[in-house]
Amino acid sequence: MITVRFAPSPTGYLHVGSARTALFNWLYARHEKGRFLLRVEDTDRKRSDKKFLEEILRDLRWLGLDWDAEPVLQSDRFDIYRQKAAGLVAAGRAYRDGEAVLFRVEPGRTIVVEDMIHGRITFQTDDIKDQVLVKSDGSPAYNFSCVVDDDFLGITHILRGDDHISNTPKQVLFYEALDRPAPRFGHMPLIMGADGAKLSKRHGGVAVEEYKQEGFLPEALANYLILLGWYPGQEHEVLTLEEAARMFDIKSMNDVQAKFDVQKLKWLNGEYIMRRSASALLPAIKERLAAAGLTAPSEGYLLKVVELYQVRIKTFNEFLPLADFFFRDDFLWEEEAKAALAKDESRELLRLFTARLESSGDFSPEVIEKLCRELAADRKVKAAALIHPIRAAVSGKTRGAGLFEIMELLGREQVLRRLRSAA
RNA sequence: GCCCCUGUCGUCUAGCUAGGUCUAGGACAUCGCCCUUUCAAGGCGGCAACACGGGUUCAAAUCCCGUCGGGGGCGCCA
């Protein structure tokens with residue numbers, strides 16, 4: 001059985017690149033019916049914070065990941081590392097330099113790593129200097145604690161970022177000195193920003209949390225992230241984690257760095273939003289309403305609004321700017337909407353329409369539309385010439401859901417009030 | 001400076017392991033048309049790539065070499 005791990009360092013938020021690493025490890029474990037473990041690399045006590053760890057775990061769960069054992073903390077295992085290091089000193093493989101312990105790297109050797117993603121990679125020990133095992137303050141150096149713990153946890157496969165490639169020969173040397181079998185390694189290319197530079201804030205966010213706040217669905221983010229470096233095949237781009245786990249094949253992972261494309265993420269998110277039932281979208285929408293200090297008149301009302309708009313938004317944050325008028329009278333007016341009411345003829349049409357609407361007892365979309373088209377015909381103008389001003393008066397927007405459905409939802413009183421004040 | 005990874009449309013990629021079926025396929029983005037009260041959604045269509053230079057071969061996106069480009073590493077950070 002295979003065992004893999006994700007080893008976050010609790011010194012900050014969960015980076016989307018790290019999230020992708022975690023995702024692929026999870027995918028591999030689930031596909032192989034193996035185990036997925038978490039190890040917390042909190043050896044730097046000054047920078048590590050329990051709060052960060054909790055956030056990271058929360059974000060991993062949010063993405064849909066689960067793990068098979070309680071996370072192991074490296075800060076609990078300092079004695080072990082020191083013991084192992086002392087053992088290497090006793091065996092003559094390491095030496096003390098003050099309080100620190102250094103590993104002696106034998107020159108003139110070639111280290112060959114059969115990488116699961118890149119294939120064979122060779123290194124020369126001449127390029128590697130002696131390695132710190134234990135620092136002067138007694139804490140373990142990264143590569144050493146990493147090896148000790150991966151061995152302790154029974155890790156069989158290490159899937160990590162390309163930035164760890166140069167750590168690999170050092171770690172291989174440690175396994176050898178410890179007389180322990182080394183796991184298989186697989187290094188996946190890093191994600192870059194749209195301009196090819198390191199992914200940063202200006203590319204649209206680096207933290208998983210930021211995407212959550214932007215209004216992305218975890219399923220969409222996870223889906224997008226696994227598409228960066230792995231191709232499930234045509235017709236299979238939109239898939240759940242479970243489907244991905246079933247189809248996953250580490251041999252088909254790409255060995256080329258990929259650029260993070262927010263456009264495609266948005267498209268995917270839009271796909272998820274539009275395919276989901278409106279009621280499933282309610283919690284996220286309610287959050288946005290609450291943040292703006294708004295409330296919906298009723299659950300049923302909100303549900304209908306969402307049904308009307310879920311096909312038109314790519315993220316949840318796009319909802320309110322488009323649909324605020326359903327929840328407040330002081331809604332946002334687009335400049336183009338104001339322009340639609342600027343002409344005297346437009347307001348004249350609006351007044352005539354308002355009068356006809358007032359005298360109608362029925363307020364169904366069909367009747368409103370009939371009234372609208374009749375008036376247009378009577379005045380010998382195109383229906384659009386009337387519809388646009390009405391939309392503007394009622395919503396302050398030039399775009400949105402079908403006007404007659406909007407009006408029915410808003411209700412007779414509210415619509416008439418807005419029409420009168422706009423005319 | 002040294003070491004390592006890598007180079008197919010703007011982006012993600014299929015194809016490369018076993019060279020011909022590739023006038024290089026799909027998706028996102030973009031452009032146009034249809035639908036239509038608008039915006040979406042949907043349908044149809046267009047634009048768009050084998051980094052460059054050598055070599056091997058009857059034949060190269062696919063194999064080999066070099067150049068150039070992108071990225072990572074060389075911490076008592078992780």
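Chain A is the first sequence line, chain B the second, and so forth, proteins listed ahead of strands; every chain is numbered from 1.
At a non-hydrogen distance threshold of 4.0 Å, A/N254, A/D255, A/V256, A/Q257 from residues 242-257 of chain A come into contact with RNA chain B. Within residues 111-122 of chain A, the residues having any heavy atom under 4.0 Å from RNA chain B are, by residue number, A/H118, A/I121, A/T122. Taken residue by residue, residues 135-149 of chain A places heavy atoms nearer than 4.0 Å to RNA chain B at A/K135, A/S136, A/Y142.
Using a 4.0 Å heavy-atom distance criterion, A/Q263 is classed as a sugar-phosphate-only contact. Residue-level contact check: A/T43 touches the backbone only, with heavy atoms under 4.0 Å from sugar-phosphate atoms and none from bases.
Side-chain polar atoms of A/E334 and A/T398 form a donor-acceptor pair below 3.5 angstrom.
Partner of A/R39 under the salt bridge (charged side-chain N to carboxylate O under 4.0 Å, His left out) criterion, chosen from A/D151, A/D76, A/D150: A/D150.
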Using a 4.0 Å cut-off on protein heavy atoms (strictly under), produce a 5'-to-3' string for nucleotides 35-47 of chain B with B for base contact, S for backbone-only sugar-phosphate contact, and - for none. --BBBBS------
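For residues 91-103 of chain A, the set of pairs meeting the side-chain hydrogen bond (donor to acceptor under 3.5 Å, both in side chains) definition, not counting sequence neighbours, comprises A/Y95-A/D130. Annotation: side-chain hydrogen bond (donor to acceptor under 3.5 Å, both in side chains) contacts involving residues 102-117 of chain A, sequence neighbours excluded, comprise A/R109-A/E176, A/T110-A/Q124, A/E114-A/R120, A/D115-A/H187.
Nearest-nucleotide assignment on RNA chain B puts the 5′-proximal partner with A/L190, out of A/R47 and A/L190.
Ion pairing between A/R246 and A/E243 fails under the 4.0 Å rule for side-chain N and carboxylate O.
If you check B/rG66 for Watson-Crick or wobble pairing at under 3.5 angstrom, you find it paired to B/rC52.
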